[in-house]
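Before any comments, here is the structure.
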Amino acid sequence: MKILTRQVIVSKTIQEANQILRSCAYYFPKAIFKESAFSMHCAKRHNGGYLSLTHIRGTVIECEDRTTVTLEIHANLYFFLGCLIILLGIITLIYCFVSSTNRWIPCLGMILLGLFVCGQRLWEGSELLDLIEHKLKRL
């Protein structure tokens, strides 16, 4: 499931764009670059120690004097876990209202926790796409 997509148009050759993308790839697991498609993991460090790996897929297509790079970030386990927590929170919130219990505050907390987990994934992915787009346009 695609959650973020970015299309970048640069005035570089395919080889230059692929070289910049290779410099963004983390060494493990190994990046895969084919003729017009690629798949790689990019790393982002948080607070000096926590390493977050994001899987990025995309295509590189050359048109006349410019190159179009399409970057895609797909949902991972944490995103699906956040969606599951949100769904569980909604179900228990409905149960609390149907059974007339006063335990609805933890249900709202569960929904907020799930939104935080999903939102963090979207935020990190967006920052990473911004970084790669900046490298492609600048270098």
Side-chain angles (χ1 to χ4, degrees):
M1 178 170 87
K2 263 190 274 188
I3 57 174
L4 292 172
T5 302
R6 180 89 43 100
Q7 187 172 11
V8 182
I9 299 173
V10 294
S11 57
K12 297 183 184 332
T13 63
I14 284 183
Q15 291 80 16
E16 292 172 334
N18 276 337
Q19 188 63 31
I20 293 169
L21 290 171
R22 285 178 195 270
S23 71
C24 296
Y26 194 63
Y27 66 91
F28 182 78
K30 189 155 177 68
I32 300 170
F33 284 88
K34 295 183 180 173
E35 288 180 20
S36 63
F38 65 91
S39 175
M40 65 181 180
H41 284 79
C42 292
K44 185 166 169 70
R45 289 208 180 267
H46 300 280
N47 299 329
Y50 173 67
L51 182 68
S52 169
L53 285 178
T54 302
H55 186 222
I56 296 179
R57 294 181 192 156
T59 58
V60 181
I61 301 170
E62 189 169 24
C63 302
E64 297 175 9
D65 61 340
R66 61 181 189 227
T67 302
T68 304
V69 180
T70 305
L71 304 167
E72 300 173 349
I73 293 182
H74 293 262
N76 65 355
L77 180 65
Y78 295 115
F79 186 81
F80 289 124
L81 182 65
C83 291
L84 181 69
I85 292 171
I86 291 171
L87 184 64
L88 188 62
I90 290 172
I91 290 171
T92 54
L93 185 66
I94 291 171
Y95 175 75
C96 287
F97 287 140
V98 169
S99 65
S100 299
T101 61
N102 292 331
R103 301 287 299 165
W104 58 272
I105 293 177
C107 302
L108 286 180
M110 196 180 306
I111 293 171
L112 289 175
L113 178 67
L115 286 173
F116 176 73
V117 171
C118 291
Q120 182 183 9
R121 174 72 179 145
L122 291 172
W123 185 270
E124 285 180 5
S126 177
E127 282 182 350
L128 196 57
L129 289 181
D130 288 341
L131 179 70
I132 293 173
E133 179 181 3
H134 178 71
K135 283 185 177 181
L136 282 169
K137 288 188 175 182
R138 182 179 54 100
L139 297 177

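Heavy-atom basis, side chains included; hydrogens, waters and symmetry copies ignored. Counting from 1, the numbers follow the sequence of the chain as shown.
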Expected output: side-chain Ser52 to main-chain Lys44 donor-acceptor under 3.5 Å | no

Could you state the interatomic distance from CD1 (Ile73) to OG1 (Thr5), rounded to the nearest 0.5 Å?
-> 9.0 Å

How many angstroms lie between atom CD of Glu16 and atom CD of Glu62, to the nearest 0.5 angstrom?
-> 9.5 Å

Compare all side-chain heavy atoms of Ile56 with those of Phe38 and state whether any distance is below 4.5 angstrom.
-> yes

So, do Ile32 and Lys34 sit near enough that their side-chain heavy atoms are less than 4.5 Å apart?
-> yes

In one Ile/Leu/Val/Met/Phe/Trp/Tyr side-chain cluster, 4.5 Å: Met40, Phe28 = no

Would you indicate whether Phe116, at its atom CZ, is surrounded by more than 12 heavy atoms from other residues, nucleotides or ligands within a distance under 6.0 Å?
-> no

Okay, side chain of Ser126, backbone of Trp123: is any donor-acceptor separation there less than 3.5 Å?
-> no

d(Ser99 OG, Ile94 CD1) to nearest 0.5 Å is 11.5 Å

Passes side chain to side chain contact (heavy atoms under 4.5 Å, CB included), Met1 versus Phe79? Steps please.
-> CA-CA 10 Å; Met1 178 170 87; Phe79 186 81; 3.3 Å; yes

Out of curiosity, does Ile86 fall in the hydrophobic cluster containing Leu108 (side-chain heavy atoms, cut-off under 4.5 Å, transitive links)?
-> yes

Do Ile20 and Lys12 have side chains that get closer than 4.5 Å, going by heavy atoms?
-> yes

State which residues pass ring pair (Phe, Tyr, Trp, His ring centres under 6.0 Å) with His55; sequence neighbours excluded, sorted by chain then number.
-> His41

Going from OG1 on Thr13 to CG on Asp65, what distance comes out if it is rounded to the nearest 0.5 angstrom?
-> 12.0 Å

Does Tyr50 belong to the same Ile/Leu/Val/Met/Phe/Trp/Tyr cluster as Tyr27, with side-chain heavy atoms less than 4.5 Å apart forming each link?
-> no

For Leu88, does its backbone N or O pair with a side-chain atom of Thr92 as donor and acceptor, under 3.5 Å?
-> yes

How far apart are the C-alpha atoms of Thr54 and Arg121, what are their side-chain angles, what is the distance that settles it, and do they pass the side chain to side chain contact (heavy atoms under 4.5 Å, CB included) test?
-> CA-CA 9 Å; Thr54 302; Arg121 174 72 179 145; 3.5 Å; yes

Should Ile90 and Trp104 be counted in the same cluster of Ile, Leu, Val, Met, Phe, Trp and Tyr side chains packed under 4.5 Å apart?
-> yes

Tell me, do Thr59 and Glu72 make a side-chain contact under 4.5 Å, heavy atoms counted?
-> no

For Ile9, the other hydrophobic cluster members (4.5 Å side-chain criterion, sorted by chain and number) are none

Is the side chain of Asp130 donor-acceptor paired with the backbone N or O of Glu133 at a distance under 3.5 Å, no angle test?
-> no

Report the distance from atom SG of Cys83 to atom CG of Leu115, rounding to the nearest 0.5 Å.
-> 9.0 Å

Establish whether Ile3 and Leu128 are linked, either directly or via other cluster members, by ILVMFWY side-chain heavy-atom contacts under 4.5 Å.
-> yes

Close side-chain approach of Val8 and Leu129, heavy atoms under 4.5 Å = no

